[in-house]
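To start, the structure itself, in structure tokens.
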Amino acid sequence: MALLEMKDVRGGYGDADILHGVSMTVGEREIVVIVGPNGAGKSTAMKSVFGLLTIRGGNIVFDGEDITGWAPDRIVQRGICYVPQVDNVFREMTVHENFEMGAFLRRGDLAAAYDRIYGLFPDLKAKRRNLAGDLSGGQRQMVAMGRALMLDPKLLLLDEPTAGLSPKYMEQIFQITRDVRDAGVSILLVEQHAKQALAFCDRGYVLATGANRHEGSGQALLADREVAEMFLGG
Amino acid sequence: MSFMDFLNFHIVPGVVLGSIYAVGAIGITLVFGILRFSHFAHGDMATLGAFVALALVTAGLTPWAALPIAMAAVAVVAIVVDKLFYDYLKARPKIMTVMASLGVALMLRAVVQVVFGVDPRTYASGIVRPDEYFGILLRDRELYTLAAVVAIVIGLTLFLRHSRWGKAMRAMSDNPDLARLSGVDNRKVTMLTWAIVGALCAASGFMLGINNELHSMMGWQVLLPMFAAAILGGVGRVEGAVLGGLIVGIAEELSIFILPAQYKAATAFALLLLILLVRPRGLLNGKVL
């Protein structure tokens, strides 16, 4: 059984529905990417998993438990962590303090957790005393991922982690995402850079106007002519 | 006038007054940074603290022994005020909470006036001669005030930098959404903030009282300089509030060279206008404005 199963989810932020029936699954140790044109509801679909919108239909099952309608703090404790697209670090706190805040709900010795994070993000070790707000965009994104990983989640949600980053950092973030997956965490991410994202993910979903349009392995979607015409630019 | 006279008659009182402003301004900056509103009841909460200490002194305690008890008492009052009034309005536009705090200010003042009257009071009567330290003249109460302010600032800084809940407070001030995503309990942080703010209010009121006299308008009268201090230093920054407090305090004492003494209070107002015009984020780049 898949780690995460969304079935026919409908809902939105206010009264109007943005999602009109989205279904997707994320398996263990899988990188799944959501792509689609602007306004397709990609981020909204991901936020629905994290309890950030009103769900009016369908259900979300995580690790064998129905989490539909749960509040975010409960979902965090259940093992899903979310990295927002913007404002995803504590700017006035040091890199290390950002990680400490990520582990706020965890008790006991965190030495192993810190070793793991600095192992994944060796660049940050030298910067651990720097304020997160003073780092470059790519490094800030690493801090944001590190913060989310401190709770040792089973599933990590990344909202456009490469937005606004240079190609060099984009590659680096994708590589780190693979490293995180190899460390045993499943990943669901939303991406604007559809070509690059589909090339690196395990599976992808193409959304359009709040509903599933296509799905398949990243390679298959890249080869699909209809997907290409839709938004990959031919 | 010799340099030592200048130091003793203007700078020393300015530093003492300024460090009292600093304690008040730290509270204002914490409320603004974490709870995102201007707390107009701050001064009257300080008055309440001063008079709680007076009640304890009347009951036989020495003033400095009464201080920690008064701080604890006003911490509880601040938490209760939040639960009764501010918490109720938290989903509404912040201006409503600001106005509510004005109402709370009037209520607290009325309580003080009903219980203690409207006449000026003192913790101890009699004239105290200052002692000389390397040419600087300081009364014991001034020395203790400065020591207490230093202890408060160091203690609070250590708490905010190194303790689990201190970091949670900073996180809530820095990025409230992310703090919640990280599992920080907003209600606990709010309660803790009010406890600290209440205690700081009591401390500033007590210090005002012991260095001068107590009256029911004492806190209201220092509200403006305290706000000026918080904004001058950069709202949301504890170190900024300390710097701003000292500047406002010293500026008020020096203003008598160019203004009649009864216009002392206008100094803080002028400084506030000036900083808002030239550098609205404050000297140390405030975070939330």
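Naming convention: chains lettered A, B, ... in sequence-line order (proteins, then strands); numbering from 1 in each chain.
- Using a 4.5 Å heavy-atom cut-off against chain A, the contacting residues of residues 147-166 of chain B are Arg161(B), Arg164(B), Trp165(B).
- Taking both residues in full, the closest heavy atoms of Pro84(A) and Leu181(B) are given as CG-CD1, 3.8 Å, listed atom of the first, atom of the second, then distance.
- Atom OG of residue Ser182(B) and atom CG of residue Asp73(A) lie 11.5 Å apart, to the nearest 0.5 angstrom.
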(message) For Arg170(B) and Met101(A): C-alpha separation, side-chain torsions, deciding distance, then whether side chain to side chain contact (heavy atoms under 4.5 Å, CB included) applies.
(response) CA-CA 10 Å; Arg170(B) 282 166 56 212; Met101(A) 286 316 296; over 6 Å; no
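- Only the side chain of Arg147(A) comes within contact range of chain B, with heavy atoms under 4.5 Å apart.
- With a threshold of 4.5 angstrom between heavy atoms, Glu100(A) approaches chain B through side-chain atoms but not through N, CA, C or O.
- Within 6.0 Å of NZ in Lys188(B) there are 12 or fewer heavy atoms belonging to other residues, nucleotides or ligands.
- Checked by atom type and distance alone, the side chain of Asn175(B) never pairs as donor or acceptor with a backbone atom of Phe90(A) at under 3.5 Å.
- Of the inter-residue distances, the one linking Phe104(A) atom CZ with Asp185(B) atom CG reads 8.5 Å to the nearest 0.5 angstrom.
- Leu52(A) contributes atom CG, which lies 9.0 Å from atom CG of Asp177(B) (distance to the nearest 0.5 angstrom).
- Nearest heavy atom pair, residue Leu178(B) against residue Asp87(A), reads CD2-O, 4.2 Å.
- Atom CZ of Phe269(B) sits in a sparse spot, with 12 or fewer heavy atoms from other residues, nucleotides or ligands closer than 6.0 Å.
- Within 6.0 Å of atom CG in Asp182(A), more than 12 heavy atoms from other residues, nucleotides or ligands are found, so the atom counts as buried in its surroundings.
- Other residues, nucleotides and ligands contribute more than 12 heavy atoms inside 6.0 Å of the NZ atom of Lys94(B).
- For Glu92(A), the parts lying near chain B are the backbone and the side chain together; criterion is any non-hydrogen pair under 4.5 Å.
- Of the listed residues (Val89(A), Val76(A), Leu151(A), Ile75(A)), the one with the most heavy-atom contacts under 4.5 Å to chain B is Val89(A).
- Other residues, nucleotides and ligands contribute at most 12 non-hydrogen atoms within 6.0 Å of the NZ atom of Lys127(A).
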